[in-house]
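Computed from a predicted structure; not experimentally measured. Throughout, protein chains are lettered first and strands after them, A, B, ... in sequence-line order, and every chain is numbered starting at 1.
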2 protein chains.
Amino acid sequence: MLKCAHFGTFESKSMKIATWNVNSFNVRHEQVMDWLHTHSPDVLVLQELKMEQDKFPAAALNMMGWQTAWSGQKTYNGVAIISRHAIENVQMGLPQMPDDPQRRVIAATINGVRVIDVYCVNGEALDSEKFVYKRQWFAALTHFVREQMAQYPELVLLGDFNIAPADDDVYDPVKWHEKIHCSSEERSWFKALLDLGLCDSLRQIHPTGAHYTWFDYRGGMFPKGLGLRIDHILVSAALKARLRDVQVDLKTRANERPSDHAPVFALFD
Amino acid sequence: MLKCAHFGTFESKSMKIATWNVNSFNVRHEQVMDWLHTHSPDVLVLQELKMEQDKFPAAALNMMGWQTAWSGQKTYNGVAIISRHAIENVQMGLPQMPDDPQRRVIAATINGVRVIDVYCVNGEALDSEKFVYKRQWFAALTHFVREQMAQYPELVLLGDFNIAPADDDVYDPVKWHEKIHCSSEERSWFKALLDLGLCDSLRQIHPTGAHYTWFDYRGGMFPKGLGLRIDHILVSAALKARLRDVQVDLKTRANERPSDHAPVFALFD
DNA sequence: GTGTGCGTTG
DNA sequence: CAACGCACAC
């Protein structure tokens, strides 16, 4: 934002918005600081903090000029928004699941953009009890996002969706056929979100090709380039009009003690 | 060793011999590699590998030009000899305790010097069952060293003795009076080793003063300089004649994720 | 494979 | 405070 004496306040609005499942903010704290310094985003949202609410290093981030909002718990889940700009109207959880103790959703308005950070349920396997929860949770998410879209023309829904939307997003679609993350039912949930009027920003910019965001620690999948695209940045029509680029930051996945997810970021005019 | 065309093979014999309780070689592997690179000893002996026998990274060490001999086990104990020179006549355990499963002793001949690496029993407390084992173990060690001294004029007995030989070796002798590591009975066992004809090399070079080698992780003892001298390098008369210096490497104790013990090294002509 | 907590040891 | 094993999650 530039303040000009003669022309009043001029909003440049240009924004860089990023998402990263850090798989423990305790462990990845320094890497997040490095990433903020190197990539200088307007907004970075995190998932899988695995950190208690009162252990979040808000003061250290504030000292570096960052605003923060977060929802943490011990061991599991946990989401955060880190922003160079003011964070307004923070909302946590899904209205349809008021008693869910799992910290998976945080939403806030930044520069007039509604940012909804999600760590979607993994689900383990199609025949798991956790898959039932995943189904219910995505229904509640869809309901929440529909309601938010009615209020905020400029909206971005981003995070770890634990769904690979198409076979292009899977290193071995035959092996993963109707497996967790790749089943047609999960893909129908993802499509239901798009049907609200959201656009899969990565596919808008890169209609084809492998742009994996997650690589299993097991079996050295990252060096082999074998992953899934399960981290997404979905944007409303108003934001889609401003979309200029989307990238998966594989360099960070190659770090010394990496998260199993790579950051993904989008650039807007 | 210098090879001279006109005068034949000339043995410089100058040696640097070091000991370090690494408190898990799994965790300290990289620090050990760094230490070898920085200090370039002739021999480094380790204690508390806490590593299974077949997990020892012998190949990696060989590639860096080091010879190795080790005796490992899961979780507890474990000793190793790392040498720039050939390692001969390797012996493990104490002859008087043939059935002891605890890996605490490894001996070998290097450059004509008998090197005996020991991780002596901790003992927990004077009224503990483990103290009975410590007593028995030191008797067996003394017997073994007597036998070895008869065979090898140049001998060094080094490692973690878990005994602070005198009040000078204790940051708070009153608090530690007749406590584990500092009791008169344990000190008598240490003296029994010296009485075989061994010399406490550190006290030979530095007759007085604090030269602590172990600092409890608990209560931030290292920054306060509060420790015990329980890691020792004892030398036979023939080696004592060649002794030039002994130092405790406190810089390594100040490492990022340190062992609770500092390395100790001795220089010989 | 790399995180988490817990209970145990030094 | 920092190793360990164990059980569990992803």
key: Plane angle bin for A:W176 and A:H181 - parallel if under 30°, tilted between 30 and 60°, otherwise perpendicular   = tilted
request  = Describe, in one word, how the ring planes of A:W35 and A:W20 are oriented to each other, choosing from parallel (under 30°), tilted (30 to 60°) and perpendicular (over 60°).
outcome  =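 Aromatic pair A:W35/A:W20 classed tilted.
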query = Are the aromatic rings of B:F161 and B:W137 close, with centres under 6.0 Å apart?
reply =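 Centroid distance B:F161-B:W137: not below 6.0 Å, so no.
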Ring center gap for B:H232 and B:F190 short of 6.0 angstrom =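 B:H232 vs B:F190: aromatic centres under 6.0 Å.
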Can you confirm whether more than 12 heavy atoms, excluding those of [X], are under 6.0 Å from its [atom1] atom?
X      : atom1 : result
A:E129 : CD    : no
A:H143 : NE2   : no
B:Y76  : OH    : no

ask   = Of all nucleotides in DNA chain C with an atom under 4.0 Å from a non-hydrogen atom of chain A, which is the first and which the last going 5' to 3'?
value =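 Terminal contacting nucleotides, 5' to 3': C:dG1 to C:dC6.
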task = Produce a footprint string for nucleotides 2-10 of chain D: one letter per nucleotide, 5' end first; B if the base is under 4.0 Å from any protein heavy atom, S if only the sugar-phosphate is, - if neither.
result = SSSS---SB
